[in-house]
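This report refers to the structure that appears directly beneath it.
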Amino acid sequence: MVGARRVVLDTNTVLSALLFVNGRLVPLRTAWQSGELTPLLCAQTVEELLRVLAYPKFKLTPEECEELLADYLPYGEVVAPWKGKPEVPACRDKMDQIFLDLAAVGRADWLVSGDKDLLDLGGQVRFQIIAPATAIELLTSPEP
C-alpha cells in the first residue's frame, strides 16, 4: 500500500460505521483502524458527531459515547482551522458545506457520503465525492 487515503467521512457515514457493529459500513471502520484510511477531522465535524451521538433515539450512555469516539477520533488527523473560503462549490444544504471545505483544505482523496446534496457535486472538485458503498468497493478491490 502506497499510503493511507485521506478521507472526509460525513457524520451519517461515521455513525453507521460505529453504531452498527455488523452493518454494511464496518469495512470503513476496519480501514481507518488498520491505517488504510486517515479520516480528516475539524472542530465543526467533531462537534456535530458529538451532538448527534447524544440524540435520545440512540440511547447511548456517556460511557458508550466515549467508547465509540475512542474507536474513531484517535485514527483521525486534525486539520487546523482555516481562514477564508476554500475553492469549492456551495452545497445546497449549508450544514454539509463543512465537509466540502474540510476535504478541500485537508487535501482529501475522497469525501465519503450518502447525501445526495454532496454526491451531486462530484466532478466539480479536485477530490472524489463517493458513496460509502463505492468507498468499500474501492478498498476491497485488488489493485491493478
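Index from 1, following the sequence. Small disclaimer: the values here were computed from a predicted structure and weren't measured.
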Item to check | Results of side-chain hydrogen bond (donor to acceptor under 3.5 Å, both in side chains) for Glu47 - residues two or more places apart only | outcome: none

Next on the checklist: The criterion is side-chain hydrogen bond (donor to acceptor under 3.5 Å, both in side chains); which residues satisfy it with Glu64, sequence neighbours excluded?
Outcome noted: Thr61

Next on the checklist: So, using salt bridge (charged side-chain N to carboxylate O under 4.0 Å, His left out) as the criterion, who are the partners of Asp96 when residues are at least two apart?
Outcome noted: none

Checklist entry - Just wondering, are more than 12 heavy atoms of other shown residues or ligands nearer than 6.0 Å to CD in Gln33? => result yes

Checklist outcome for this item: For Leu49 and Tyr72, the nearest pair of non-hydrogen atoms, with its separation, is CD2-CD2, 3.8 Å

Checklist outcome for this item: For Val21, the hydrophobic cluster (side chain heavy atoms closer than 4.5 Å, chained through members) also holds none

Next on the checklist: According to salt bridge (charged side-chain N to carboxylate O under 4.0 Å, His left out), does anything in residues 6-27 pair up with another residue at least two apart or in another chain? List the pairs.
Outcome noted: Arg6-Glu77

Next on the checklist: Quick one, Leu68 and Leu60 - any side-chain contact, counting heavy atoms below 4.5 Å?
Outcome noted: yes

Next on the checklist: Quick check against the 3.5 Å criterion: does Ser34 have a side-chain atom that pairs as donor or acceptor with the backbone of Thr30?
Outcome noted: yes

Checklist entry - Is Val78 linked to Leu102 within one hydrophobic cluster, defined over Ile, Leu, Val, Met, Phe, Trp and Tyr using a side-chain heavy-atom separation of less than 4.5 Å? => result no

Item to check | Pairwise side-chain contact, Val112 with Val8, heavy-atom cut-off 4.5 Å (strictly under) | outcome: no

Checklist entry - Are more than 12 heavy atoms from other residues, nucleotides or ligands located less than 6.0 Å from atom CD of Glu87? => result no

Item to check | Met95 reachable from Val52 in the ILVMFWY side-chain graph, under 4.5 Å edges | outcome: no

Checklist entry - In chain order, what residues pass the side-chain hydrogen bond (donor to acceptor under 3.5 Å, both in side chains) check against Asp71, with sequence neighbours excluded? => result Arg29

Next on the checklist: By the salt bridge (charged side-chain N to carboxylate O under 4.0 Å, His left out) test, which pairs, at least two apart or in different chains, include something from residues 110-125?
Outcome noted: Arg92-Asp117, Arg92-Asp120, Lys116-Asp120

Item to check | Within one Ile-Leu-Val-Met-Phe-Trp-Tyr cluster: Leu111 and Val46, side-chain cutoff 4.5 Å | outcome: no

Next on the checklist: Quick one, Thr45 with Thr11, criterion side-chain contact (heavy atoms from CB on, under 4.5 Å). Give me CA distance, side-chain angles, the key distance, then yes/no.
Outcome noted: CA-CA 7 Å; Thr45 59; Thr11 304; 5.8 Å; no

Sequence neighbours left out, cut at 3.5 Å: what donor-acceptor pairs do the side chains of residues 125-137 make with other protein atoms?
unit_1, atom_1, unit_2, atom_2, d
Arg126, NH2, Ala104, O, 2.7
Gln128, OE1, Trp110, NE1, 3.0

Checklist entry - Leu118, Leu138: one ILVMFWY side-chain cluster at the under-4.5 Å cut-off? => result no

Checklist entry - So, does Gln97 use its side chain to make a donor-acceptor pair with the main chain of Pro89 at under 3.5 Å? => result yes

Item to check | Listed partners of Thr38 passing side-chain hydrogen bond (donor to acceptor under 3.5 Å, both in side chains), at least two apart | outcome: none

Next on the checklist: Using side-chain heavy atoms (C-beta onward) and a distance below 4.5 Å, is Arg5 in contact with Leu139?
Outcome noted: yes

Item to check | Non-hydrogen side-chain atoms of Phe99 and Leu9 separated by less than 4.5 Å | outcome: no

Checklist entry - Among all residues two or more places apart in sequence or in another chain, which pass the salt bridge (charged side-chain N to carboxylate O under 4.0 Å, His left out) test with Lys94? => result none

Item to check | Side-chain heavy-atom pair Leu73, Leu41 within 4.5 angstrom cut-off | outcome: yes

Checklist entry - Who else is in the cluster with Val26 when I, L, V, M, F, W and Y are joined by side-chain contacts under 4.5 Å? => result none

Next on the checklist: Which heavy atom of Ala4 sits nearest to which heavy atom of Gly35, and what is that distance?
Outcome noted: CB-O, 3.0 Å

Next on the checklist: With salt bridge (charged side-chain N to carboxylate O under 4.0 Å, His left out) as the rule and sequence neighbours excluded, what pairs involving residues 101-112 come up?
Outcome noted: Lys85-Asp101

Item to check | Hydrophobic cluster identity match, Trp82 and Leu100, side-chain contacts under 4.5 Å | outcome: yes

Next on the checklist: Run the side-chain contact (heavy atoms from CB on, under 4.5 Å) test on Leu37 and Tyr75 for me, step by step, so that the C-alpha distance in whole Å, both residues' side-chain angles and the decisive distance to 0.1 Å come before the verdict.
Outcome noted: CA-CA 9 Å; Leu37 296 178; Tyr75 300 97; over 6 Å; no

Next on the checklist: Could you check whether any side-chain heavy atom of Leu69 comes within less than 4.5 Å of a side-chain heavy atom of Leu50, counting everything from C-beta outward?
Outcome noted: yes

Checklist entry - Going through the checks in order, is the side-chain contact (heavy atoms from CB on, under 4.5 Å) test met by Leu121 and Cys91? => result CA-CA 8 Å; Leu121 296 172; Cys91 186; 4.2 Å; yes

